[in-house]
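I have placed the structure first, in the form of C-alpha cells, so that the comments after it can refer back to it.
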Amino acid sequence: MSELLRKPNDKTLDNGVTLLHDVTKANSNLQYVSFKTVELKSGASINECLTDLECCIVALTGKVTVSDGEQRFEGIGRRESVFEKTPTDSVYISNDKKMEIQADTDARVALCYAPSENPLPTRLIKAEDNQIEKRGKYNNQRLVHNILPDSDPTANSVLVVEVFTASGNWSSYPPHKHDQDNLPNESMLEETYYHEMNPAQGFVFQRVYTEDRSIDETMAVENKNVVLVPSGYHPVGVPDGYTSYYLNVMAGPKRVWKFHNEADHEWIIDRQ
Ligand SMILES: O=C(O)C[C@@H](O)[C@H](O)C(=O)CO
C-alpha cells in the first residue's frame with residue numbers, strides 16, 4: 001500500500017477511546033503537520049500536554065467539552081454526521097497548554113497540530129465563525145468551510161479547512177501545489193486529508209504527484225482514510241453516487257496559503 005495512504009485503526013480501547021489515526025513527525029514523512037482522529041464514547045475523555053505543538057480541535061461529529069486547563073468550552077459540536085454540511089465548532093489551543101476533551105455524546109474529533117513556540121490565547125471557533133465558500137463550476141463544484149484560514153491570526157502555524165465535493169465532481173482541482181517557499185508566488189505547506197464518504201461504502205481517487213514525478217501515486221481512498229501530502233499536486237475525484245468530505249490540515253515555515261496551479265490544466269478555471 002502507498003506510504004501516503006493511512007487506513008483507520010479500529011481498536012477501541014477499554015476507556016471508550018479509539019485512535020483512528022495518529023500521524024506524527026516520527027511515523028511519517030511530514031515535518032510540520034501532525035494529525036489525529038479520535039472517536040470517543042459518551043463520557044470518555046483524552047488529555048494531552050501540548051509542549052511544542054499548537055492544536056485545533058475540530059468536533060467532526062457529536063458534542064464534546066474542551067478545556068485548556070483554565071478555560072472550558074462545554075457542549076461544542078453541531079452535527080451528527082459531517083454530511084449535514086453545516087459548519088461545526090472547533091477550539092484552538094496553543095503550545096505549552098494542557099488539553100482535555102471529554103465526550104458529552106458519542107463523538108468524533110480531529111486534532112490538527114503544527115509546530116509552535118509562541119503561546120497564543122485559546123479560542124473557541126464557533127460554527128458561525130467559519131467562512132463559507134462555494135467554489136468551481138461544471139463538474140468541479142465544492143463547498144468549503146474555512147475553520148482556520150491564513151487570514152485568521154488565531155494560530156502561529158496551523159491552517160484548517162473542510163471541503164464537501166458533490167457526486168461526480170472534482171476538488172483540489174485543477175491540480176495545485178504549495179511546496180516551494182517562494183512567496184509571493186508560492187508557499188510551502190504540507191497537508192493531510194482526512195476523508196469521509198456518503199454513503200460510507202464509497203471511495204474517491206486522490207493523486208499526489210510532484211513536478212518531477214519523484215512522487216506520483218494515485219490512491220483509492222475509502223471512508224475515514226487519511227492521505228499525506230508532503231509535497232506536490234493533490235487532486236480528488238469523486239465517483240457518481242457518492243458525496244465526499246475531507247478535512248485539510250496545512251502547515252509549513254510560513255502561515256500563508258499561496259498555491260500554484262499546474263499550468264497544463266489551468267484552462268479549466270477559465271471556461272465560460
Ligand atoms: O478548493 C478546493 O477544492 C479545496 C482545496 O483548496 C484544498 O483545501 C486544498 O488542496 C488546500 O491546499
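Both counts, for ligands and for their atoms, begin at 1 and track the order of listing.
Within the 4.5 Å cutoff, no side-chain heavy atoms of K97 are placed close to those of C55. Side-chain contact between N169 and R142 is absent, with no heavy-atom pair separated by less than 4.5 Å.
Side-chain atoms of N225 come within 3.5 Å of backbone atoms of E222 as a donor-acceptor pair (strictly under, hydrogens ignored). Within the 3.5 Å criterion, the main-chain N or O of S214 finds a donor-acceptor partner in the side chain of D212.
The residues lining ligand 1, counting any heavy atom closer than 4.0 Å, are R135, R142, V161, V163, S171, S172, H176, H178, E191, Y193, H234, Y246, N248, M250, W257.
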*Kindly determine whether H145 and E162 satisfy side-chain hydrogen bond (donor to acceptor under 3.5 Å, both in side chains), including the steps that lead there.*
CA-CA 5 Å; H145 295 163; E162 59 182 7; 2.9 Å; yes
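With V236 as the fixed residue, the side chain to side chain contact (heavy atoms under 4.5 Å, CB included) test singles out one of F205, W170, Y193: Y193.
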